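First up is the structure itself, then whatever we jot down about it.
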Amino acid sequence: MTTQSTTARAAVRPRDAEAFGALYAQVQQFYAHQMQLLDFGECERWAATFTEDATFEVPTLPEPVVGRPALAAATGRTAAQLAASGTRHRHFIGMFDVSEQPDDTVRVRSYAIVYTSPAGGESQVHRVCVCDDVLVRVVGELRVASRVVTRDDLA
Amino acid sequence: MTTQSTTARAAVRPRDAEAFGALYAQVQQFYAHQMQLLDFGECERWAATFTEDATFEVPTLPEPVVGRPALAAATGRTAAQLAASGTRHRHFIGMFDVSEQPDDTVRVRSYAIVYTSPAGGESQVHRVCVCDDVLVRVVGELRVASRVVTRDDLA
Amino acid sequence: MTTQSTTARAAVRPRDAEAFGALYAQVQQFYAHQMQLLDFGECERWAATFTEDATFEVPTLPEPVVGRPALAAATGRTAAQLAASGTRHRHFIGMFDVSEQPDDTVRVRSYAIVYTSPAGGESQVHRVCVCDDVLVRVVGELRVASRVVTRDDLA
């Protein structure tokens, strides 16, 4: 069917495939839980899903946010603004391109769609973002060591 | 990198990770199939993905829908209205936060975005919902025993 | 809880469940990577995720696109138009209903939401699509052998 057999990498062995499947599920569960913490305003618990010295870059801030206290504070300000305006945000993240690195970190590029719903109004798309993360394992649990977010409307 | 090693729970063992990966995939497959049955108007088959005595709560109904016949009837009415108006709905569900309970049930909190497409018109976001389910295993297959849906625009 | 025990298919054995979990993760990783190649304008690499004689049907083309060169060319035209107009598209695909076939192919029905973001403008939903694929394994890697896309606004 194709002529690329000789250049393709070796066939995936079942055990490797199951190990990747386990990692992939862990990554998905991690992001689902992390984003739900954010959307439900659990700022401290959300910040705890990052390493203590994590960096977070977004295009709307002049420099990266560094460390859990700064992350929790930035998120808390946003949560307070949303609450004051009667608006809900949902971060729907997916499309995970997951690759384990030789240094045991896990690189994940994903898409994150942010939806906004004013109370009593129409829900709509707020932002379309690409999220480039480096995850590390801390006693078996995933943590974000660095995150770089880009926004399609600003690119 | 962090100081939390002593308080974190024990590292995930490979076998446990693969069992969770298997469950996580099963959950995703279950929801994808269930929502596709709904969107393609297969109301009876959709209702059969719930337990016979399942409860379904949504903010727009005064009391929970209980049991497969009532579930199929409610869904059939919506499907008929959509068909009459030439409109398609798609339920895009994801962001699964999955936790097995000591009683062997599986709790899943997810986000569901409903898109609407009038024939010949512009597709757009219709609803942004959070879905809290209790799943049970029936001869190895997942079934919804209870579902509570909230809508961001009504919260 | 239910009366269907006798009619349900046999309980899923752990080993089967883990093999399905591995496949399901592989499928998700495949689509995430494929769609990211498309959205980042890597047209040749995107085309290489199809078999050499793959067919691709969309409602806006009078006949199927066949083969990698034609796929890359069609995608390249769209990428050039988007770049010229300063607009970004993101294909967010998910809701995978995955079934292995007796002939060792894998059928996948999924939903794909396309978001559009004009530079400096508002991101919004562009298209809501259903994607019916037949995947084959080439030396352990998945490839699309045929794809049929439908659009909800044209259905």
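Hydrogens, waters and symmetry mates play no part in the numbers below; they use all other heavy atoms, side chains included. As the structure is a computational prediction, the values presented were derived from the model and not from experiment. Reminder, nothing fancy here: chain letters follow the sequence lines and each chain counts from 1.
For Q28(C), the parts sitting under 4.5 Å from any heavy atom of chain A are the backbone and the side chain alike. Looking at F40(C), only its side chain comes within 4.5 Å of chain A, counting heavy atoms on both sides. Of the two parts of Q124(A), neither the backbone nor the side chain holds a non-hydrogen atom closer than 4.5 Å to a non-hydrogen atom of chain C. Contact of R109(A) with chain C is made through backbone and side chain together, with heavy-atom distances under 4.5 Å.
When each of L23(A), L154(A), I113(A), V130(A) is checked for heavy-atom pairs under 4.5 Å with chain C, I113(A) comes out on top. Chosen from A19(C), G94(C), G86(C), A22(C), the residue pairing most often with chain A at heavy-atom distances under 4.5 Å is A22(C).
Interatomic distance, OG of S123(C) versus CZ of R151(A), reported as 8.0 Å (0.5 Å rounding).
Nearest heavy-atom pair, A25(C) versus G21(A), reported as atom, atom and distance to 0.1 Å: CB-CA, 3.5 Å. When all heavy atoms of G121(C) and D153(A) are compared, the closest pair comes out as O-CB, 3.5 Å.
Note: Y111(A) and F92(C) have tilted aromatic rings, judged against thresholds of 30 and 60 degrees for the angle between ring planes.
Atom CD of Q101(A) has more than 12 neighbouring heavy atoms from other residues, nucleotides or ligands inside a 6.0 Å radius.
Between the Q29(C) side chain and the V98(A) main chain, a donor and an acceptor come within less than 3.5 Å of each other. Panel note: side chain Q36(C), backbone M95(A); a donor-acceptor pair is recorded below 3.5 Å.
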- Item | side-chain contact (heavy atoms from CB on, under 4.5 Å) between Y115(C) and D152(A), intermediate numbers included | CA-CA 10 Å; Y115(C) 299 92; D152(A) 274 13; over 6 Å; no

